[in-house]
2 protein chains.
Amino acid sequence: MDGMIDGDGLNELAPGGYYLALRVGFAFPMLEVNALPEPWVEHYTRHRFMLSDPVIRWVYGNTGATRWSGITLDDPLRILSCARTFGLRYGVAVSHFDSADAALRSFGSFVRADREYTDDELHALTTLVRNRHVAAKPPDTLTEAELEALDMVRQGLRLKQIAHAVGVTEGAIKQRLKNAKGKLNAQTSAQAAALASKFGLI
Amino acid sequence: MDGMIDGDGLNELAPGGYYLALRVGFAFPMLEVNALPEPWVEHYTRHRFMLSDPVIRWVYGNTGATRWSGITLDDPLRILSCARTFGLRYGVAVSHFDSADAALRSFGSFVRADREYTDDELHALTTLVRNRHVAAKPPDTLTEAELEALDMVRQGLRLKQIAHAVGVTEGAIKQRLKNAKGKLNAQTSAQAAALASKFGLI
DNA sequence: AATGGATTCACCATAAAGGAGAGTCCCTAT
DNA sequence: ATAGGGACTCTCCTTTATGGTGAATCCATT
């Protein structure tokens, strides 16, 4: 339903579930993918584990990859052992930090129940997070006029209304939307507006 | 540009800026509004203050409202005094927890530079966060068929393609989208899809 | 001065979206 | 049982969006 494809073996690398937070800025990520088991998500949410979670604290304080078992931060709420009771036994945390790119971070947590992760898998997951981080980068080539038109489409205005509000002809708005669709690789204005919104461009 | 209106006096209550995270679930909110001063946002982001920020830790551990000056949690990175150097002098933290509503929390941080907040203002901000929390609640009356159609609109499919993929007539898809627009109070399918996406419905 | 890019606009044909109305199916409350 | 209500379906018609083509303008770079 989501249209997300698994071209990078994520389902095989994390058969027990995973969590991805891509392009975290001030506090929260532009894109969040939560494929952890629902019971654990429910329990984690209800107990507000995030700020105490050693995995979260590790990815905020480090760059690279580590097995959960290699995290030496204290765990007063015993969140990691609690996770095991939900079947989340072996895990890897990956943190990617791209200082050149607006200080945006991406991180992921990956789980399997059968055995500890290998060094190769750690490396593969590091690469995966980096690739997803790059893939989630929004295009920066859209002009102000194009973004303005997209934003008004998102708000439910018609081309005629947009043209009148902006003070140009309807043809100009069409052209702006057409350009925007091309740059966002979108088939329709609705998709382009949704993409621009998801990317935080509007 | 965003269409957000200030019908609740937020600009007067927080002349120095504010931050709102509405309907926080597993880790991240459905809606984030960051109206803090840009230099502070930049500094805060680059230093990854969030997990250490006593204000964030307070809202995650409490319900209600407090002045920043009344937060007794330790502040090893001296984030609050650092904030003062950016002009964020007096602040209020509000945390709203609605256990009856899927364990979703909302919180906000509000700033003014001229004087400490009054009790009345604390109360007003508490009400404001609760109202915003409720207002951000997505409608739950959309049917599966309607959400399916909206999701395919968001992905850039045409009505004809949607109808063919789903196995119904184009007219049926139009009706589903019409119903969805009514329920979401949207003028166009593009707006409806963007709204449903923002609400996390699709 | 020339090149290229971005923007703006017009015109036309076609495709898609939107609106009104009515019928069917199914579940529920009277 | 039966009268609603909601979801779903469909048709007919109107309005709107999209795609293609061409062209003029403005601007920064070469």
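Here is how names work: the chains are called A, B, and so on, in the same order as the sequence lines, proteins then strands, and each is numbered from 1. Side-chain atoms are counted along with the backbone in the values below, which use heavy atoms only and exclude waters and symmetry mates.
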Could you tell me how far apart [X] ([atom1]) and [N] ([atom2]) are, to the nearest whole angstrom?
{"X": "A:I162", "N": "D:dT18", "atom1": "CD1", "atom2": "P", "answer": "10 Å"}
{"X": "A:K160", "N": "C:dG18", "atom1": "NZ", "atom2": "P", "answer": "15 Å"}
{"X": "B:E148", "N": "D:dA7", "atom1": "CD", "atom2": "P", "answer": "16 Å"}
{"X": "A:R158", "N": "C:dA16", "atom1": "CZ", "atom2": "P", "answer": "17 Å"}
{"X": "B:Q187", "N": "C:dG18", "atom1": "CD", "atom2": "P", "answer": "11 Å"}
{"X": "B:E146", "N": "D:dA7", "atom1": "CD", "atom2": "P", "answer": "6 Å"}
{"X": "A:E144", "N": "C:dT8", "atom1": "CD", "atom2": "C1'", "answer": "17 Å"}
{"X": "A:L159", "N": "C:dA17", "atom1": "CG", "atom2": "C1'", "answer": "12 Å"}

(Q) Is the distance between the ring centroids of B:Y60 and B:F107 under 6.0 Å? (A) yes
Q. Do you see a donor-acceptor pair shorter than 3.5 Å between the side chains of B:D53 and B:Y44?
A. yes
Q) Under 4.0 Å between a side-chain N or O of A:S189 and OP1 or OP2 of D:dA17? A) no
Q. Reckon B:T188 has a side-chain N or O less than 4.0 Å from the OP1 or OP2 of C:dG18?
A. no
Q. Are side-chain heavy atoms of A:T45 and A:V41 found at a separation under 4.5 Å?
A. yes
Q | More than 12 heavy atoms of other groups within 6.0 Å of B:R115 CZ | A | yes
**Q.** Pairs where residues 25-40 of chain A contributes a residue and the test salt bridge (Lys or Arg N to Asp or Glu O under 4.0 Å) is met, not counting sequence neighbours
**A.** none
**Q.** salt bridge (Lys or Arg N to Asp or Glu O under 4.0 Å) pairs, two or more places apart, involving residues 183-202 of chain B
**A.** B:E146-B:K183
(Q) Tell me which residues in residues 165-183 of chain A lie within less than 4.0 Å of DNA chain C, going by non-hydrogen atoms. (A) A:V168, A:T169, A:A172, A:Q175, A:R176
